[in-house]
Amino acid sequence: MKEISKSFNYNGKELKLIFNLNVMEAIQDAYGTIDKWSELTDGDHGEVNIKALIFGFKEMLNEGIEIENEEHGTSEPLFTAKQVGRIISNIGVAETTASMQGVVIDSVKDESGKNA
């Protein structure tokens, strides 16, 4: 596994989605396994679970903020679940899901480019 980030612009501000061990731990703590959370958020098994979607997106965004704060000595506030829900509403559920899945998949690829 490697830490992967994906940047996107939202309301004139660059935000980063990060998927790393810290995010994995939070997801496992809340949902038991990454697989269970993925099933809730991928939409392949019915309706996307919005609470799980917001949770994962929030964890990924906030990890990006925490890393930036540590690296640059800044104190950018973390997003709340309600703020993330508004971001997702503006971006769209399908695009949000695709962005999250892309970051997760890219982070677990081994060096040959295959999923680990």
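- When hydrophobic clusters are built by joining Ile, Leu, Val, Met, Phe, Trp and Tyr residues whose side-chain heavy atoms come closer than 4.5 Å, directly or via intermediates, Y10 is not grouped with I67.
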Steps toward side-chain contact (heavy atoms from CB on, under 4.5 Å) verdict (L40, K51): CA-CA 9 Å; L40 293 171; K51 184 174 185 172; over 6 Å; no
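- Across all their heavy atoms, S5 and I18 have their closest contact at CB-CD1, 3.2 Å.
- The CD1 atom of I34 sits 4.5 Å away from the CE atom of M24 when rounded to the nearest 0.5 Å.
- The shortest non-hydrogen separation linking T41 to T97 is O-CG2, 3.1 Å.
- More than 12 heavy atoms of other residues, nucleotides or ligands sit less than 6.0 Å from atom CD of E76.
- With hydrogens and angles ignored, the 3.5 Å screen pairs no side-chain donor or acceptor of N62 with any backbone N or O of I65.
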F8 vs L61, side-chain contact (heavy atoms from CB on, under 4.5 Å): CA-CA, chis, key distance, verdict: CA-CA 11 Å; F8 66 98; L61 285 172; 3.9 Å; yes
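- The heavy-atom pair separating T80 from K58 by the smallest distance is C-CD, 3.8 Å.
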Run the side-chain contact (heavy atoms from CB on, under 4.5 Å) check on I50 and V93 step by step: do they pass? CA-CA 9 Å; I50 298 301; V93 170; 4.2 Å; yes
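- The structure places CG of L53 at 11.0 Å from CG of D42, a figure rounded to the nearest 0.5 Å.
- Separation of atoms CD1 (I54) and CZ (R86) is listed at 10.0 Å; rounding is to 0.5 Å.
- The 12-atom threshold is exceeded at CD of E71, counting heavy atoms of other residues, nucleotides or ligands nearer than 6.0 Å.
- To the nearest 0.5 angstrom, K36 atom NZ is 11.0 Å from Q28 atom CD.
- Between the CE atom of M100 and the CD1 atom of I88 there is a distance of 7.0 Å, given to the nearest 0.5 Å.
- With rounding to the nearest 0.5 angstrom, the CZ atom of F55 is 9.5 Å from the CH2 atom of W37.
- The two residues S99 and L17 have their closest heavy-atom pair at CB-CD1, 3.9 Å.
- Across M60 and V104, no two heavy atoms sit closer than the pair CE-CG2, 3.7 Å.
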